[in-house]
Each structure stands twice: as structure tokens, then as C-alpha cells.
Amino acid sequence: MRITDRYIQREFFERPVLEVAEDLLGKTVVCKKGRTIIEGMIMEVEAYDGPEDKACHASKGCTQRTKVLFGPAGHWYVYLVYGMHWMLNIVTGNEGYPAAVLIREAGEWNGPGKITKAFGIDKHFNGKTATEETGLWIEDRGVIIPKYSIERTARIGVDYAGEWAKKPYRFCLLQNKK
DNA sequence: ACGATGATGAAC
DNA sequence: TTCATCATCGTA
């Protein structure tokens, strides 16, 4: 099978962020640098939904940092937190509506900061498209995730967001949980 | 339980 | 031009 047959196109991301987040579970992130390919199946994500969502960076408005969120779907939003960790998000929904999915766990990497470290992702992926050209994209390998194996909880590290902090916008695969 | 570490946005 | 804050992680 050719990569173009299974790599996820923009239309997939041009939907409400909660749908996209849930559907991303079981998909595979692929990073290609030269002859090196690193990949991991997505096992945990969080949705950040629009200007009203106090946990979403776009609630501060459209700024130099957040402008990618307001742009078209299917682009990477990458930014630094805590002075040392890059966060990898994929922009969703219609252009002009700021929303994105944070990839928190993929393959053997159980943390958003670990994924970007393992993949070698930093700010120069910010604003790039999720395609073969940029070397970072998402594929559908045909893994089916039944509803009963998906757990929804509140998002991590967003206690400051008031009511929005309680919304069940985090999606995890039920497995290996202790 | 906590420190590392720097971009960001808001206040001044 | 400061200042508090932060979508985390490793060490203890």
C-alpha cells in the first residue's frame, strides 16, 4: 500500500475538534527525517475548542503565537511550555475557528513532551502541513477503536481554566492502566 | 514534592 | 521593561 492511500488528508481535520480528537485514537503519527522513520500509534489526546475555551491558547485572542490555531485545519501547532517541552497539536475545524488536538501519548511515549523529544520536533514544524512534504504526518493503518475502549476525562494541567477545566476533552485508550 | 528553564501576554 | 504564568518531566 502506498503512503498516499493511507495518509490522512485535510478533510479529516475539517470537522469539530471533539470528533477529530476521538477519531485520532488508533491512528499513527509518522516522522521522516532522511532515511530515519519514527512512528507511534496515538493513544491519548486532548481537544482544545475555540475562543471560549479558557484552556485553549486562542482564548487570549489571535496573536503571533496563536495565529496558527486560527488558520486552516491539518496544520501543526507546536509551542514551548515550561521553558523546555515542545507540544504537538494538529489544527482542526474551519479556518477562522481556533481549535486543535494535543497529542499526549503515541507508541511508547507516554507524555506530550516525550513525543516531541523522541521525534525531534520543535518550533520549525509550527504552521507546517501534516503531509509527506514536511516529514511529519498521520496515517490510518486500519486500526479500529471500539467506543467501549475509549475513556474520556478532564484535561491535564489546565486547572486555571475554571469550568472548562472540568470538561471531558481528554480521550484515552483503555489499556495498561494501573 | 519540587526545580529546571524560556516564551508569552499583560501590566506598568 | 518587567513579571507571573505555564497543555511537563526527571529526580527525590
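Protein chains get the first letters and strands the later ones, always in sequence-line order, with residue 1 at the start of each.
Using a distance-only test at 3.5 Å, with no hydrogens or angles considered, a donor-acceptor pair links the side chain of Arg155(A) to the main chain of Ala47(A). No donor-acceptor pair under 3.5 Å is formed between the side chain of Arg10(A) and the backbone N or O of Gly74(A).
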Give me, pair by pair, the N or O atoms of the protein and of nucleotides 2-4 of chain B that are less than 3.5 Å apart, along with how far apart they are.
none

Polar atoms only, N or O, under 3.5 Å: list the protein pairs with nucleotides 10-12 of chain B and their distances.
none

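Note on Arg15(A) versus Asp23(A): salt bridge recorded, some NZ/NE/NH1/NH2 to OD/OE distance being below 4.0 Å. A salt bridge links Glu22(A) with Lys147(A): the distance from a Lys NZ or Arg NE/NH1/NH2 to an Asp or Glu carboxylate oxygen falls below 4.0 Å.
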Output field dot_bracket for DNA chain C (Watson-Crick or G-U, both distances under 3.5 Å, | for other-strand pairs) contains ||||||.||||.
In sequence, state the C-alpha distance, the side-chain angles, and the governing distance for Trp137(A) and Ile8(A), and then conclude on side chain to side chain contact (heavy atoms under 4.5 Å, CB included). CA-CA 8 Å; Trp137(A) 67 93; Ile8(A) 298 179; over 6 Å; no
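In this structure, Arg65(A) reaches the sugar-phosphate backbone alone: every heavy-atom distance under 4.0 Å involves primed, P, OP1 or OP2 atoms, never a base. Residue-level contact check: Leu102(A) touches the bases, meaning some heavy atom is under 4.0 Å from a base atom.
On the nucleic acid side, DNA chain C contacts chain A at distances under 4.0 Å to non-hydrogen atoms, with the end points of that region at dC6(C) to dG10(C).
More than 12 heavy atoms of other residues, nucleotides or ligands lie within 6.0 Å of NZ in Lys128(A), so this atom counts as buried by the packing criterion. Annotation for Asp122(A): atom CG counts as buried by contact number, over 12 foreign heavy atoms lying within 6.0 Å.
Position along DNA chain C of the nearest nucleotide to Lys117(A) versus Val158(A) favours Val158(A) as the more 5'-ward residue.
By the ring-ring contact (aromatic ring centres under 6.0 Å, His included) test, Phe70(A) is found to be paired with no residue, residues two or more places apart in sequence or in another chain being considered. Considering only residues two or more places apart in sequence or on other chains, Trp164(A) meets the ring-ring contact (aromatic ring centres under 6.0 Å, His included) condition with none of them.
For the ring pair (Phe, Tyr, Trp, His ring centres under 6.0 Å) test with Tyr79(A), the passing option among Tyr77(A), Tyr82(A), Trp76(A) is Tyr77(A); the others fail.
A ring-centre distance under 6.0 Å is found for Trp109(A) and Phe119(A).
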